[in-house]
2 protein chains.
Amino acid sequence: MAKQPQPRIEIISTGTEILQGLYPDTNAQWLSQQLAGLGLSVAGHAAVGDSQEDLERLLEGMIRRCDVVIISGGLGPTVDDVNRYAIARAYGCELVEDEQAVQHIRDRFARRGLPFVENNRVQALVPRGAQVLYNDWGTAPGFILENDNGRAVLIALPGPPRELQPMFDRWVRPWLLERYRLDTKLTTLTLHTIDLPESQINAAIADLFRADPDVYVGLLAAGGKVDIRLTARGFDEMTIERKLSGFRRQIEARIGAESIYGCDDASLESVVGDLLRSRNLRIAVAESCTGGLIAARLTNVAGASSFLLEGFVTYSNESKTARLGVDPNLIAQHGAVSRPVARAMAEGVLRVSGADLGLAVTGIAGPTGWTPEKPIGIVFVALAWGNDSTVIERRFLGSRNENRAYSANVALDLVRRHLLHRGGKT
Amino acid sequence: MAKQPQPRIEIISTGTEILQGLYPDTNAQWLSQQLAGLGLSVAGHAAVGDSQEDLERLLEGMIRRCDVVIISGGLGPTVDDVNRYAIARAYGCELVEDEQAVQHIRDRFARRGLPFVENNRVQALVPRGAQVLYNDWGTAPGFILENDNGRAVLIALPGPPRELQPMFDRWVRPWLLERYRLDTKLTTLTLHTIDLPESQINAAIADLFRADPDVYVGLLAAGGKVDIRLTARGFDEMTIERKLSGFRRQIEARIGAESIYGCDDASLESVVGDLLRSRNLRIAVAESCTGGLIAARLTNVAGASSFLLEGFVTYSNESKTARLGVDPNLIAQHGAVSRPVARAMAEGVLRVSGADLGLAVTGIAGPTGWTPEKPIGIVFVALAWGNDSTVIERRFLGSRNENRAYSANVALDLVRRHLLHRGGKT
């Protein structure tokens, strides 16, 4: 088939919970990002509830004016799940049961050792003639419905992001690349920064926002970290890459390369994991206010056993003494949330575990446990190695869980900066 | 004016950045939450880019079928800001400059010590006859456009949330309360379930979905847990409460009260924390594949020190032996991911810590480390108390991080069920 020019694409999300404001419409956002990455623009988003009538009306207008309509949600086994019926009505086609999809659903229940409930069969109903998109991440398959009467191609995907996203990657992206002449390319480079306020980054790079009409610069702040997103458009990848590297160098020069901990899919924990692995170092962690969060972040990284030796959640004073050998007099004198205790915890976990680096955190996450000298949000992070150690102090103004997450970020970043400066075994 | 019955309301957000997926549509979400709080439901959301043609077409359909359309964004001074022109065309009315709005914009520039740039005057253009909503939080005013030809009332608000939100509170909420009979109240009760597949819950309560036109029943599955959301509408709170309790009792009878771990804001960890506290019991945790996640979940709960004694992240075999006293022969014989090792970890952490309950998890989160007998997603969770213990096995089919999160859920739920059955100290 000859490739087509730029199509008009719209996206529909279904689910009453979106209209009740319980969740933002993140599927429409994610799909739009993916399409932008292919150089395809999206002409509209719409969300409707679990009303077959509303969905039919919406579809009727949309499939007349669009080339492609992507619809997510409403394919499950419950009475809320009206999408397949609305689609069949809007296209005037019937629904048929796909045998392979039924088997797929049965297999999934069997693998989990669960009984197959008969109402799950409705998930295998697809419009006659549609290409069935089998779902390895859940039960309901999706489908691509093409027809000869000038209406839009309809792509139906399940609603849960953990199914929708891999289904898009497996089935929809290749279909779009095959069908459309995607010669304008769009590439996004996201630079992750930590420990710099958004306003400071904004002031430092203000002129870059309008420096090149083909490079879009955006800032997004979340959890004490700021992402700088660069989106470049062009006809060839070399030009795009050159522009993105140019912007990156400018930004590094203005805010300091070390403030950028990674780009795109890199996380603080994956960067720390890579640094530890490449230097053949092992770390052990002792956590008080973060309560396991740092160990949990490090074990997010596949293969963490090669760099994480062990972790201790020493929430009580007794546990700090019993596990890490922290002197009870030190705690009595300075308090459990103090610079000397943080240092003693880091040195203790280093000694007890035999690791190369000992990381420790103690702080007051809130909402209780504070004093005028030790306010909510105060945190001490200590790192010990060889016969040396360092302690930093921070004060956060968030909620309990935000303060815990920020503390984990600062702790991981302390390890990162230490490894950048010191290199190998110490 | 006589008050009206429930109106049909739809919401439009404008801005190319939404269609590029740079941001989720949080204005539509926030407005929907506010309307739900007033007892008003929203029939649809739509987002369009900065295209006057697309917006006109969208408005033409919407203002015919709706009573109220709320539109945000596109009221600024730039060429992207097309909303006022599209609205004037759709309603067939002209735009006039509002003198007070011009003065308001001039004053704002003066207060900030900035020169007044002439293109800012366009922000004072409003449809003739509209009520102008002056903006104390930014430059562009909004407006409410009512007309006599049976079309929807149109409410236009600026896009930045820090302007839109106070503008809604100041102007739109009072207008809605005045116009509509908002003595109907809406209350939502969310029941959180765990360890039952969505399809099984659906089959058990299918008839309840349509049992009462004033009670909406919805299911939402995420992370191995399913929420049952009951939204009841009525004229007095007593009736609503009675209906919600009636539905709750029915659901408990069908799926078992124990499958519901809590409602509304309760989390699995807060429920476990409350149970431990009320029974004066302390727990210690030993984690392999979850790597600190369970301890981090428990320490999400403020005051966790009263029930969490300590935690061990024993990621390596050596650490399982050194910290928990797990026999290396047991690991050699059965593997670190096995029923006997899970039990030995739980018994070990109980003994070492002196807690009342010892909880342990070992599993294969993936993507590596599996064998045919020990596939990715297999997890053993053990709980030890007194001289007794129990081990359960689960198999998950998610990604590494999903499997870790599911494992933490199952572990917390095992503690919850144990405490429900056994009560106090054992």
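Here is how names work: the chains are called A, B, and so on, in the same order as the sequence lines, proteins then strands, and each is numbered from 1. Computed from a predicted structure; not experimentally measured.
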From the list A:Thr314, A:Ile11, A:Ile18, the residue making the most non-hydrogen contacts under 4.5 Å with chain B is A:Ile18

Got a second to check how far A:Glu17's CD is from B:Thr190's OG1, nearest 0.5 Å? 11.5 Å

With a 4.5 angstrom heavy-atom cut-off, which part of B:Pro375 approaches chain A: side chain, backbone, both or neither? neither

Which of the residues B:Leu22, B:Leu298, B:Leu35, B:Leu309 is involved in the greatest number of heavy-atom pairs with chain A at under 4.5 angstrom? B:Leu22

Taking side chain as everything from C-beta outward and backbone as N, CA, C, O, which of these in A:Ser305 sits under 4.5 Å from a heavy atom of chain B? Side chain, backbone, both or neither. both

Is B:Thr231 close to chain A through its backbone or its side chain, or both, or neither, when contacts mean heavy atoms under 4.5 Å? side chain

Under 4.5 Å from any heavy atom of chain B, what part of A:Asp50 do you find: side chain, backbone, both or neither? side chain

Using a 4.5 angstrom heavy-atom cutoff, name the option from B:Gly377, B:Ala304, B:Gly398 with the most pairs to chain A. B:Ala304

Rounding to 0.5 Å, atoms CZ (A:Arg323) and CD (B:Glu310) come to a distance of 4.0 Å

Pick from A:Thr78, A:Asn120, A:Thr290, A:Leu293: which one has the most heavy-atom pairs with chain B under 4.5 Å? A:Thr78

Picking from A:Ala47, A:Gly44, A:Gly159, A:Ser353, which has the most non-hydrogen pairs under 4.5 angstrom with chain B? A:Ala47

Is it the case that over 12 heavy atoms from other parts of the model lie below 6.0 angstrom from the CD atom of B:Glu53? no

Could you look at B:Val352 and say if it's the side chain, the backbone, both or neither that has a heavy atom under 4.5 Å from chain A? both

Proximity breakdown for A:Val301 and chain B, heavy-atom pairs closer than 4.5 Å: backbone

Closest non-hydrogen contact found for B:Leu397 with A:Arg162 is O-NH2, 4.2 Å

Contact class of A:Thr139 relative to chain B, heavy atoms under 4.5 angstrom: neither

Between A:Leu114 and chain B, which part of the residue has a heavy atom less than 4.5 Å away: side chain, backbone, both or neither? side chain

At a heavy-atom separation under 4.5 Å, does B:Glu402 approach chain A through its side chain, its backbone, both, or neither? side chain

More than 12 heavy atoms of other residues, nucleotides or ligands under 6.0 Å from CG of B:Asp265: is that the case? no

Atom group of A:Phe109 that falls short of 4.5 Å from chain B, counting heavy atoms: side chain

Checking side-chain hydrogen bond (donor to acceptor under 3.5 Å, both in side chains) against B:Thr299, which of A:Glu287, A:Arg400, A:Arg404 comes through? A:Arg404

For chain A, the option from B:Tyr216, B:Trp30, B:Phe209 that forms the most heavy-atom pairs under 4.5 Å: B:Tyr216

Under 4.5 Å from any heavy atom of chain B, what part of A:Pro77 do you find: side chain, backbone, both or neither? both

What option among B:Gly303, B:Ser316, B:Gly49, B:Gly291 has the most heavy-atom pairs under 4.5 Å with chain A? B:Gly291

Look at atom CZ of B:Arg64 and say whether more than 12 heavy atoms of other residues, nucleotides or ligands are closer to it than 6.0 Å. no

Top of A:Ser319, A:Ala365, A:Ala408 for chain B proximity - count of heavy-atom pairs under 4.5 angstrom: A:Ser319

Heavy-atom count check: over 12 atoms from other residues, nucleotides or ligands less than 6.0 Å from B:Glu60 CD? yes

Member of B:Asp25, B:Leu19, B:Val48 meeting the side chain to side chain contact (heavy atoms under 4.5 Å, CB included) criterion with A:His45: B:Leu19

Checked B:Ala203, B:Ala36, B:Ala206, B:Gly311 vs chain A; the most non-hydrogen pairs under 4.5 Å come from B:Gly311

Check ion pair A:Asp54-B:Arg8 (N to O, under 4.0 angstrom): yes

Most heavy-atom pairs under 4.5 Å with chain B, out of A:Ala28, A:Ala295, A:Pro24, belong to A:Pro24

Region of B:Asn300 in contact with chain A, defined by heavy-atom distances below 4.5 Å: both

Winner by heavy-atom pair count (cut-off under 4.5 Å) against chain B, out of A:Gly292, A:Gly76, A:Ser51: A:Gly292

So which part of B:Arg65 gets closer than 4.5 Å to some heavy atom of chain A, the side chain, the backbone, both or neither? side chain

Looking at B:Ser199, B:Ser13, B:Ala284, which one has more heavy-atom pairs under 4.5 Å with chain A than the rest? B:Ser199

Could you please spell out the steps behind the side-chain contact (heavy atoms from CB on, under 4.5 Å) verdict for B:Ser399 and A:Trp137? CA-CA 9 Å; B:Ser399 69; A:Trp137 304 271; over 6 Å; no

Show your working on side-chain contact (heavy atoms from CB on, under 4.5 Å) between A:Gln20 and B:Arg229 and close with a plain yes or no. CA-CA 12 Å; A:Gln20 291 177 330; B:Arg229 208 170 37 238; 3.8 Å; yes

Run the side-chain contact (heavy atoms from CB on, under 4.5 Å) test on A:Val285 and B:Val313 for me, step by step, so that the C-alpha distance in whole Å, both residues' side-chain angles and the decisive distance to 0.1 Å come before the verdict. CA-CA 9 Å; A:Val285 182; B:Val313 179; over 6 Å; no

